[in-house]
Amino acid sequence: MDFTLLHTDPNSNARAGFITTDHGTIETPIFMPVGTVASVKAVHFHELKEDIKAQIILGNTYHLYLRPGLEVLEQAGGLHKFNGWDRPILTDSGGYQVFSLSANRKLKEEGAYFRSHIDGSKHLFTPENVVDIQRVIGADIMMAFDECPPGNAPYDYAKKSLALTHQWLKRGVKHFDETDGKYGYSQTFFPIVQGCVYTDLRKQSAEFVASLGREGNAIGGLAVGEPTHTMYEMIEVVNEILPQDKPRYLMGVGTPQNILEAIERGVDMFDCVMPTRNGRNGMLFTSEGIMNMRNEKWKNDFSPLDINGTSYVDQAYTKAYLRHLFISKELLAMQIASIHNLAFYLWLVGEARKQIMQGTFAAWKKEMVVRLGRRL
RNA sequence: GGGCAGUUACCAAAGUGGCCAACUGGGGCUGACUGUAACUCAGCUGUCUUUCGACUUCGGAGGUUCGAAUCCUUCACUGCCCA
């Protein structure tokens, strides 16, 4: 993997560049659709490529390990072969599941013992075997196994958790460097900054992560319940320390506004379930604001979904029709909303990139953030 | 013509003297969702009120009772059965 920085905005820390992998190039800043179980929910790869223009998607170690399981993935020849997506894939390590499925797990120094949410069976994830699993999956970018504490974690807990995450990082890096990919193309390993909402812990973590000298670095443990302005502060603190010449990945974030704010602060990569999950639940993100498609006000609105929208669904379907589909619980509603939202997210980061290249990012972002927050 | 059963909020359907503005579904309205256990979850759904609370309701009318959706009388309507 390689990162090339093309341009930095004169009025902010925003940057434009590209990442090259053995499965193709990724233009940054980028948004990566989430495909947890080897599928971006409700969306075909054809749409993902042609209409949404996704350049890289996510998979999830925890979910793929449980189902279909390593045997199937290895026999298939890796995840790219298994699901047919021939562009880059990034896999999350399962650290987030240690957070979101916290009732079913126990953390120890050696790793995380957990029970499967599918059948209750017992398993252990360690920094080492999570690397091994991601070798089998064959992700172009694999993530370190970390602990992602909640946004309201007290200082003492955050400190202890960070020590554990750093120890796991060390072991993960070592194991990654001692092993090879299985399918003939190169893989890379991103460590993750933690430290909750505490500036000193975030600084300490960013310094530790930077010292590992990896090809890219991630910021985790944000948008997990803390105030938004705190999240922005933490991004600033961390990005001051993380190397300029390596991509920075803000994990799990976020709303369109969050993404622009983070780009302004020097983040290059994003992923979030919001465009797909909220889309399935009836919410549309547009350049003019957000719409709840179940609202009665769209009942007789026969205008196109989004006149500024770049995907075919924006012109092909009306608001009244999409509302009808949601009210009727038709599956097509979720497909249309997912395609629209993902296309919008990809348009947003693509436009941000264009503005950075032109040197007009700051002014454009300032205006966009106001519009994006409106409720239509 | 006779017998039996029934009539509760938008729909369906509990409740058979005070804990009932009334269980529960559905429908409707609104909100939430940030490295996906999520086609999920939450609130509201008689009127007025921000809340507390007040007021009017359980086919119609009248009655019994301190108190009625619940008991009695009567009228209307619906369904089933027998002629």
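So that the names make sense, note that chain A is the first sequence line, chain B the second, and so on, each numbered from 1.
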Are OP1 or OP2 of B/rU36 and a side-chain N or O of A/N60 less than 4.0 angstrom apart? yes
Short side-chain N/O contact from A/N295 to OP1 or OP2 of B/rU30, under 4.0 Å: yes
On a whole-Å scale, what distance lies between the [atom1] atoms belonging to [N] and [M]?
{"N": "B/rG62", "M": "B/rA54", "atom1": "P", "answer": "26 Å"}
{"N": "B/rC10", "M": "B/rC4", "atom1": "C1'", "answer": "31 Å"}
{"N": "B/rA22", "M": "B/rC58", "atom1": "C1'", "answer": "8 Å"}
{"N": "B/rG17", "M": "B/rA13", "atom1": "C1'", "answer": "22 Å"}
{"N": "B/rG59", "M": "B/rG6", "atom1": "C1'", "answer": "11 Å"}
{"N": "B/rU70", "M": "B/rA14", "atom1": "C1'", "answer": "13 Å"}
{"N": "B/rU16", "M": "B/rC33", "atom1": "P", "answer": "43 Å"}
{"N": "B/rG3", "M": "B/rC11", "atom1": "P", "answer": "32 Å"}

If two hydrophobic side chains count as joined below 4.5 Å and joins carry through other members, does A/V369 share a cluster with A/I290? yes
Between A/V72 and A/L64, is there shared hydrophobic-cluster membership here, with clusters defined by ILVMFWY side-chain heavy atoms closer than 4.5 Å? yes
Ranking B/rG35, B/rU34, B/rC29 by distance to the side chain of A/V253, first place goes to B/rU34
Of all the choices, B/rG31, B/rC33, B/rU36, which nucleotide is nearest to the side chain of A/V34 once you look at every atom? B/rU36
Students often get this wrong, so: under 4.0 angstrom with heavy atoms, is [X] touching a base, only sugar-phosphate, or nothing?
{"X": "A/T276", "answer": "base"}
{"X": "A/R323", "answer": "sugar-phosphate"}
{"X": "A/I327", "answer": "sugar-phosphate"}
{"X": "A/Q194", "answer": "base"}
{"X": "A/R115", "answer": "nothing"}
{"X": "A/G94", "answer": "nothing"}

Distance criterion of 3.5 Å, no angle test: do you see the side chain of A/D146 paired donor-to-acceptor with the base of B/rG35? yes
When the distance from [atom1] of [X] to [atom2] of [N] is rounded to whole Å, what number comes out?
{"X": "A/M251", "N": "B/rU36", "atom1": "CE", "atom2": "P", "answer": "8 Å"}
{"X": "A/D92", "N": "B/rU34", "atom1": "CG", "atom2": "C1'", "answer": "13 Å"}
{"X": "A/I290", "N": "B/rU34", "atom1": "CD1", "atom2": "C1'", "answer": "13 Å"}
{"X": "A/F190", "N": "B/rG35", "atom1": "CZ", "atom2": "C1'", "answer": "13 Å"}
{"X": "A/M231", "N": "B/rG35", "atom1": "CE", "atom2": "C1'", "answer": "13 Å"}
{"X": "A/F189", "N": "B/rG35", "atom1": "CZ", "atom2": "P", "answer": "20 Å"}
{"X": "A/L66", "N": "B/rU36", "atom1": "CG", "atom2": "P", "answer": "13 Å"}
{"X": "A/K299", "N": "B/rU30", "atom1": "NZ", "atom2": "C1'", "answer": "15 Å"}

In this structure, CD of A/Q97 is separated from OG of A/S116 (nearest 0.5 Å) by 12.0 Å
Got a second to check how far A/F18's CZ is from A/T4's OG1, nearest 0.5 Å? 3.5 Å
With a 4.5 Å cut-off on side-chain heavy atoms, are A/R15 and A/H7 touching? no
State, with a plain yes or no, whether a side-chain heavy atom of A/I57 is found less than 4.5 Å away from one of A/R87. no
All stems with RNA chain B, defined as three or more consecutive Watson-Crick or G-U pairs under 3.5 Å: B:1-7 with B:76-82, B:10-12 with B:24-26, B:27-32 with B:40-45, B:46-48 with B:53-55, B:59-63 with B:71-75
Go along nucleotides 37-44 of chain B 5' to 3' and tag each nucleotide: B for a protein heavy atom under 4.0 Å from its base, S when only backbone or sugar atoms are that close, - otherwise. BBBB----
Looking at A/F176, is A/R135 sitting on its ring face, NZ or CZ under 6.0 Å from the six-membered ring centre and within 45 degrees of the normal? yes
For a quick test of your reading: what N or O donor-acceptor pairs under 3.5 Å do the side chains of residues 213-227 of chain A make, sequence neighbours left out?
residue	atom	partner	partner atom	Å
A/R214	NH1	A/D177	OD2	3.1
A/R214	NH2	A/D177	OD1	2.9
A/E215	OE1	A/T188	OG1	2.4
A/E226	OE1	A/A223	N	3.4
A/E226	OE1	A/V224	N	3.0
A/E226	OE2	A/A223	N	2.6

With a cut-off of 3.5 Å and sequence neighbours excluded, list every side-chain donor-acceptor pair involving residues 331-343 of chain A.
residue	atom	partner	partner atom	Å
A/S338	OG	A/M334	O	2.7
A/H340	ND1	A/D314	OD1	2.5
A/H340	NE2	A/F285	O	2.5
A/N341	OD1	A/F285	N	2.9
A/N341	ND2	A/P275	O	2.9
A/N341	ND2	A/M283	O	2.9

Using the test side chain to side chain donor-acceptor pair (under 3.5 Å), find all partners of A/E261 that sit at least two apart in sequence or belong to another chain. A/R265, A/K365
Run the side chain to side chain donor-acceptor pair (under 3.5 Å) test against A/K49 and tell me which residues pass, sequence neighbours left out. A/D86
